K.L.:
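The structure under discussion is supplied below as structure tokens; questions concerning it will follow.
The model shown is predicted, which means the values in this text are computed figures rather than measured ones.
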Amino acid sequence: MQRLIIDSHVHLHDNSFSEDRADILSSVKAAVICTASKSDFLSAKKLAQEFENAYFAVGIHPEYTAELDFSVQAEMENLLQDEKCIALGEIGLDGYFPEREKQLSVFTAQMEIVEKYNKPVILHCRKMNEELFSVLKKFPLVKAVYHGFTSGPELAERAANAGLMIGIGTGLLFPNAKRILNTVKEIPLEKMLLESDAPFMPPKKGERNTPLNILSVAEKIAEIKQTETGEVLRQNIENFKNFFHTEV
């Protein structure tokens, strides 16, 4: 089953994977290495070059909005032309960080960049959904996934109706995961992308998360949907290929 795992959002360039990232990548079908800061760009690209089944995405997370200047925008545009760079992300809006207007400006600027290259976007959003959807309306041709989704069916339906994919990860395995459990019941498999966000979001507190935990996520989805784990993983592969325009 592990060879059916595709992780659409992982931070394998993180130092916590220094000893075993090669073993992890050899155990899964594919992984997208997402970045949050300009300091991550080249390390993510290097891993994507080193491993055939690794891809990468570049983006400035709302925590690092001060980084986006003309030189960083130019670097992002250059990297987006790399065949292994299959998305922009993670980018978005976060109400837990200050300077909301600056976040909106930086988010919009990055959406303008990716629109030119016909690549999808990996979205991060907390406590700023109204602002998020307002910006997305200006870019109807840009495909996006709502990363790390842990909310209820109402927001999931709104996102799906706006054309977004829903990123389902290890938050589904948390003891207090009632809202996302209800969401998984309601949304079809065709609207999901499985992700780990590793090394973050570990199913067990104090442990390091890894892409291999996606198998447990798929098992939980299969239980909820009353289907087979393999069917969940195979649909995720199809969703990945369609969303990222990438054969795996």
K.L.:
Taking the side chain as everything from C-beta on, heavy atoms only, tell me whether L123 gets closer than 4.5 Å to L136.
P.N.:
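They are in side-chain contact.
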
K.L.:
Side chain of D94, backbone of H124: donor and acceptor closer than 3.5 Å?
P.N.:
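No; judged by distance alone, with no hydrogens or angles, the pair does not exist.
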
K.L.:
Here's a test for you: under side-chain hydrogen bond (donor to acceptor under 3.5 Å, both in side chains), which of N209, D197, T210 qualifies with T170?
P.N.:
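One option only clears the test, and that one is N209.
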
K.L.:
Do L233 and L215 have side chains that approach each other closer than 4.5 Å (heavy atoms only, starting at C-beta)?
P.N.:
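Yes, their side chains come closer than 4.5 Å.
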
K.L.:
How would you list all residue pairs meeting ring pair (Phe, Tyr, Trp, His ring centres under 6.0 Å) that involve residues 207-235, not counting sequence neighbours?
P.N.:
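Ring pair (Phe, Tyr, Trp, His ring centres under 6.0 Å) check on residues 207-235 returns no pairs.
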
K.L.:
Does anything in residues 167-199 pair up under ring pair (Phe, Tyr, Trp, His ring centres under 6.0 Å), and if so which pairs, sequence neighbours excluded?
P.N.:
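Output for this query is empty, none listed.
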
K.L.:
Suppose we screen for side chain to side chain donor-acceptor pair (under 3.5 Å). Which residues come up paired with D40, at least two apart in sequence or across chains?
P.N.:
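Not a single residue meets the side chain to side chain donor-acceptor pair (under 3.5 Å) criterion with D40.
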
K.L.:
Do the side chains of R158 and E130 get close enough for a salt bridge, i.e. N-O under 4.0 angstrom?
P.N.:
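Result for this pair is yes, salt bridge flagged.
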
K.L.:
Between K225 and E231, is there a side-chain N and carboxylate O pair less than 4.0 Å apart?
P.N.:
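Judged by the 4.0 Å cut-off on N to carboxylate O distance, K225 and E231 do not form a salt bridge.
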
K.L.:
Could you list the residues that satisfy side chain to side chain donor-acceptor pair (under 3.5 Å) with K143, not counting sequence neighbours?
P.N.:
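By the side chain to side chain donor-acceptor pair (under 3.5 Å) rule, K143 matches H245.
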
K.L.:
Can you tell me how far the NZ atom of K220 sits from the CD1 atom of I168, to the nearest 0.5 Å?
P.N.:
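Here the rounded value is 13.5 Å.
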
K.L.:
Would K84 and Y55 count as a cation-pi pair here, with the cationic atom under 6.0 angstrom from the ring centre and within 45° of the axis?
P.N.:
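Pair K84/Y55 counts as cation-pi.
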
K.L.:
Could you check whether D20 pairs with R208 (Lys NZ or Arg NE/NH1/NH2 to Asp/Glu carboxylate O, under 4.0 Å)?
P.N.:
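Yes, this pair counts.
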
K.L.:
R234: which residues meet the salt bridge (Lys or Arg N to Asp or Glu O under 4.0 Å) condition with it, sequence neighbours left out?
P.N.:
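Partners of R234 under the salt bridge (Lys or Arg N to Asp or Glu O under 4.0 Å) test: none.
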
K.L.:
Taking the inter-plane angle between the rings of F240 and F244 on a 0 to 90° scale, is it parallel (under 30°), tilted (30 to 60°) or perpendicular (over 60°)?
P.N.:
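Answer is tilted, since the angle falls between 30° and 60°.
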
K.L.:
If you measure from the Lys or Arg side-chain nitrogens to the Asp or Glu carboxylate oxygens, is any gap between R100 and E131 under 4.0 Å?
P.N.:
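Salt bridge flag = yes for E131 with R100.
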
K.L.:
Tell me the ring pair (Phe, Tyr, Trp, His ring centres under 6.0 Å) pairs involving residues 192-213, sequence neighbours left out?
P.N.:
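Counting only pairs at least two positions apart or across chains, the ring pair (Phe, Tyr, Trp, His ring centres under 6.0 Å) contacts touching residues 192-213 are H11-F200.
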
